[in-house]
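Presented below is the structure to which this report refers.
Values below: all heavy atoms of this structure, side chains included; hydrogens, waters and symmetry mates excluded.
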Amino acid sequence: QVQLVESGGGSVQAGGSLRLSCAGSETYLTINDRGWYRQAPGKQRELVAAVTVGGTTNYADSVKGRFTISRDNVKNTVFLQMDSLKPEDTAVYYCNFRRDAPPRYDYWGQGTQVTVSS
């Protein structure tokens with residue numbers, strides 16, 4: 001079964017850094033758009049960062065200048081480098097691999113907790 005395995009979450013003090021990783025278990029999960037979403041308690045899931053097949057990136061205004069998304073197609077991996085973390089970044093972070101052209105798919109990671117203390 002297809003699985004996106006996330007790692008890198010944890011607890012950090014404000015101003016610190018974390019690097020999240022997400023790897024697809026199947027070799028065909030290469031040509032796709034990839035993104036990171038997060039969901040804080042009592043809030044809806046929101047897009048944090050995304051990178052398209054063509055390499056175009058997009059970031060939520062709240063993380064611009066602090067977070068960087070990157071991808072490695074050979075390893076079917078997407079990363080999220082998070083610097084200058086703030087308490088408001090605390091949330092469960094989910095990775096996503098999505099393909100709109102056939103074969104279509106939309107897969108999600110299991111989520112990893114990021115907690116930023118003040």
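- Minimum heavy-atom separation, Val2 to Glu26: CG2-CG, 3.7 Å.
- By the 4.5 Å heavy-atom criterion applied to side chains, Met82 and Arg66 are not counted as neighbours.
- Counting only N and O atoms by type, the side chains of Asp33 and Thr52 include no donor and acceptor under 3.5 Å apart.
- Considering all non-hydrogen atoms of both residues, Arg19 and Ser70 come closest at NH2-OG, 4.5 Å.
- Between Arg34 and Leu29, the closest heavy-atom pair is NH2-O, 3.3 Å.
- Hydrophobic clustering, with ILVMFWY side chains joined whenever heavy atoms are under 4.5 angstrom apart, keeps Val78 apart from Tyr94.
- Annotation: the span from Cys22 atom SG to Arg71 atom CZ amounts to 11.5 Å, rounded to 0.5 Å.
- Judged by distance alone, with hydrogens and angles left aside, the side-chain atoms of Glu6 form no donor-acceptor pair with the main-chain N or O of Leu20 at under 3.5 Å.
- For the atom pair Leu80 CG and Tyr59 OH, the distance stands at 8.0 Å (nearest 0.5 Å).
- Residues Arg38 and Thr90 are not in side-chain contact: their nearest non-hydrogen atoms beyond the backbone lie 4.5 Å or more apart.
- Minimum interatomic distance between Val48 and Val63 (heavy atoms only, all atoms of both residues): O-CG2, 3.6 Å.
- Note on Asp106 versus Arg104: no salt bridge recorded, every NZ/NE/NH1/NH2 to OD/OE distance being 4.0 Å or above.
- At least one side-chain heavy atom of Tyr105 sits less than 4.5 Å from a side-chain heavy atom of Asn32.
- Across all non-hydrogen atoms, the minimal contact from Phe79 to Ser21 is CD2-OG, 3.3 Å.
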task = Begin with the C-alpha distance, continue with both residues' side-chain angles, and end with the deciding distance and a verdict on salt bridge (charged side-chain N to carboxylate O under 4.0 Å, His left out) for Asp61 and Lys64.
result = CA-CA 5 Å; Asp61 289 340; Lys64 286 182 178 178; 3.1 Å; yes

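- Trp108 and Tyr93 fall into different hydrophobic clusters, where Ile, Leu, Val, Met, Phe, Trp and Tyr side chains are chained together by heavy-atom contacts under 4.5 Å.
- Within a 6.0 Å radius of CG in Leu47, more than 12 heavy atoms belonging to other residues, nucleotides or ligands are found.
- At a threshold of 4.5 Å between non-hydrogen side-chain atoms, the residues Asp89 and Phe67 count as touching.
- Ser17 approaches Ser84 most closely through the heavy-atom pair OG-N, 4.3 Å.
- To the nearest 0.5 Å, atom CG of residue Leu18 and atom CD of residue Gln81 are 8.5 Å apart.
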